[in-house]
Engineer: 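What follows is a single structure, and I will ask about it in a moment.
Keep in mind that the numbers below use all heavy atoms, side chains included, and drop hydrogens, waters and symmetry copies.
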Amino acid sequence: VILGVLLIASCARNSNNSATTTQDSIRLQAIADSISAKRSADSIAQVKLRYADKLQPIGTLPDTVTQGCYGIFSESRDKFSEKAYIIATNRLDVAVVYVNDSLISLSLKEKVRANERSYKATYSNGSGSLRITAQYVKRLNDEAWIYKGKAVFTYNGKKTTYVLYGQIGC
């Protein structure tokens, strides 16, 4: 549609037809611009709807999870390398996630460490909950370990499961 309108506008500019004027070209260009802007707005709305109530990369980690022990998780090893963390926790009492363009804190409700090779924790607040289940993969150094697992995030009644790759340390 946009290309058709632009083609007509272009032809109008290049034509010697006396019925076509500069005003017609300007109107056709305005219509093309309007259609393009509407499509762009629709695309933004569609993207926001697709990611509504789902975890998004946190960006800069807040101080509440960078002091002392921590757990940081992404959806894959590649995203972890890019520092695209979707979950961050201080492993004591809080986890943070980024959802619907807001950083949200969740309080620790239950932590189960069956052994050195597993990590399970449940966090929640008034509007959502997060359950992390992760298994030890390898030791990085004396104070950091790689874990893989999954997270179940429930927000506004919508439940989403994520594959996790991350690091736990002190």
Engineer: Write out all pairs satisfying side chain to side chain donor-acceptor pair (under 3.5 Å) with one or both partners inside residues 60-88, taking only residues at least two apart or from two chains.
Structural biologist: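 Checked against side chain to side chain donor-acceptor pair (under 3.5 Å) - neighbours excluded - the pairs reaching residues 60-88 are Tyr70-Gln167.
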Engineer: First locate atom OG1 of Thr89, then atom CD1 of Ile132, and finally report the distance between them rounded to the nearest 0.5 Å.
Structural biologist: 6.0 Å
Engineer: Do any pairs count as a disulfide (SG to SG under 2.5 Å) and have a residue in residues 132-162, sequence neighbours left out, and if so which ones?
Structural biologist: none
Engineer: Give a yes or no on whether Ile87 and Ile104 share a hydrophobic cluster (residues Ile, Leu, Val, Met, Phe, Trp, Tyr; joining criterion: side-chain heavy atoms under 4.5 Å apart).
Structural biologist: yes
Engineer: List the atom of Val94, the atom of Ser105, and the distance in Å for their closest heavy-atom pair.
Structural biologist: CG2-CB, 4.1 Å
Engineer: Would a distance-only check, ignoring hydrogens and angles, find a side-chain to backbone donor-acceptor pair under 3.5 Å from Ser118 to Gln135?
Structural biologist: no
Engineer: Same cluster or not: are Tyr136 and Leu164 linked, directly or through other Ile, Leu, Val, Met, Phe, Trp or Tyr residues, by side-chain heavy atoms under 4.5 angstrom apart?
Structural biologist: yes
Engineer: Taking ring pair (Phe, Tyr, Trp, His ring centres under 6.0 Å) as the test, write out the residues that go with Phe153, two or more places apart.
Structural biologist: Tyr155
Engineer: Which heavy atom in Tyr98 sits nearest to a heavy atom in Ile58, and how many Å separate them?
Structural biologist: CB-CA, 3.9 Å
Engineer: Is there a donor-acceptor contact under 3.5 Å from the side chain of Lys150 to the main chain of Thr161?
Structural biologist: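 Checked: no pair found.
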Engineer: Would you kindly confirm whether Ile72 and Leu103 end up in one hydrophobic cluster when ILVMFWY residues are joined by side chain heavy atoms under 4.5 Å apart?
Structural biologist: yes
Engineer: Got a sec, which residues hit side chain to side chain contact (heavy atoms under 4.5 Å, CB included) with Val137, two or more places apart in sequence or on another chain?
Structural biologist: Ile146, Lys148
Engineer: List for me each residue that meets side chain to side chain donor-acceptor pair (under 3.5 Å) alongside Ser127, sequence neighbours excluded, and say none if there are none.
Structural biologist: Asn125
Engineer: Check whether any side-chain heavy atom of Leu92 lies under 4.5 Å from a side-chain heavy atom of Leu108, and answer yes or no.
Structural biologist: no
Engineer: If the plane angle is over 60° it's perpendicular, under 30° parallel, otherwise tilted; pick one for Phe73 and Tyr119.
Structural biologist: parallel
Engineer: Measuring only between side-chain heavy atoms, which start at C-beta, is Leu55 closer than 4.5 Å to Thr160?
Structural biologist: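 Not touching, per the 4.5 Å side-chain cut-off.
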Engineer: How long is the gap from CD on Glu110 to NZ on Lys120, to the nearest 0.5 Å?
Structural biologist: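 Nearest 0.5 Å value for the CD-NZ distance: 9.5 Å.
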Engineer: Check the hydrophobic clustering (I, L, V, M, F, W, Y; side-chain heavy atoms under 4.5 Å; chains of links allowed) and say if Leu130 and Tyr147 are grouped together.
Structural biologist: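 In one cluster: yes.
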Engineer: Taking all heavy atoms of Val96 and all of Pro62, pick out the closest pair and write down the distance.
Structural biologist: CG2-CG, 3.9 Å
Engineer: Determine whether a donor-acceptor pair (N or O, by modelled atom type, separation under 3.5 Å) exists between the side chain of Tyr162 and the backbone of Ile86.
Structural biologist: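 Not confirmed, Tyr162 side chain does not pair with Ile86 backbone.
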Engineer: Suppose the criterion is salt bridge (charged side-chain N to carboxylate O under 4.0 Å, His left out): which pairs have a residue in residues 123-144, not counting sequence neighbours?
Structural biologist: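 Only Arg139-Asp142 qualify under salt bridge (charged side-chain N to carboxylate O under 4.0 Å, His left out).
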Engineer: If I take atom OG1 from residue Thr154 and atom CG from residue Asp53, how far apart are they, to the nearest 0.5 angstrom?
Structural biologist: 10.5 Å
Engineer: Mind jotting down which residue pairs meet the disulfide (SG to SG under 2.5 Å) criterion with at least one end in residues 119-170? Sequence neighbours excluded, please.
Structural biologist: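 Passing the test, one end in residues 119-170: Cys69-Cys170.
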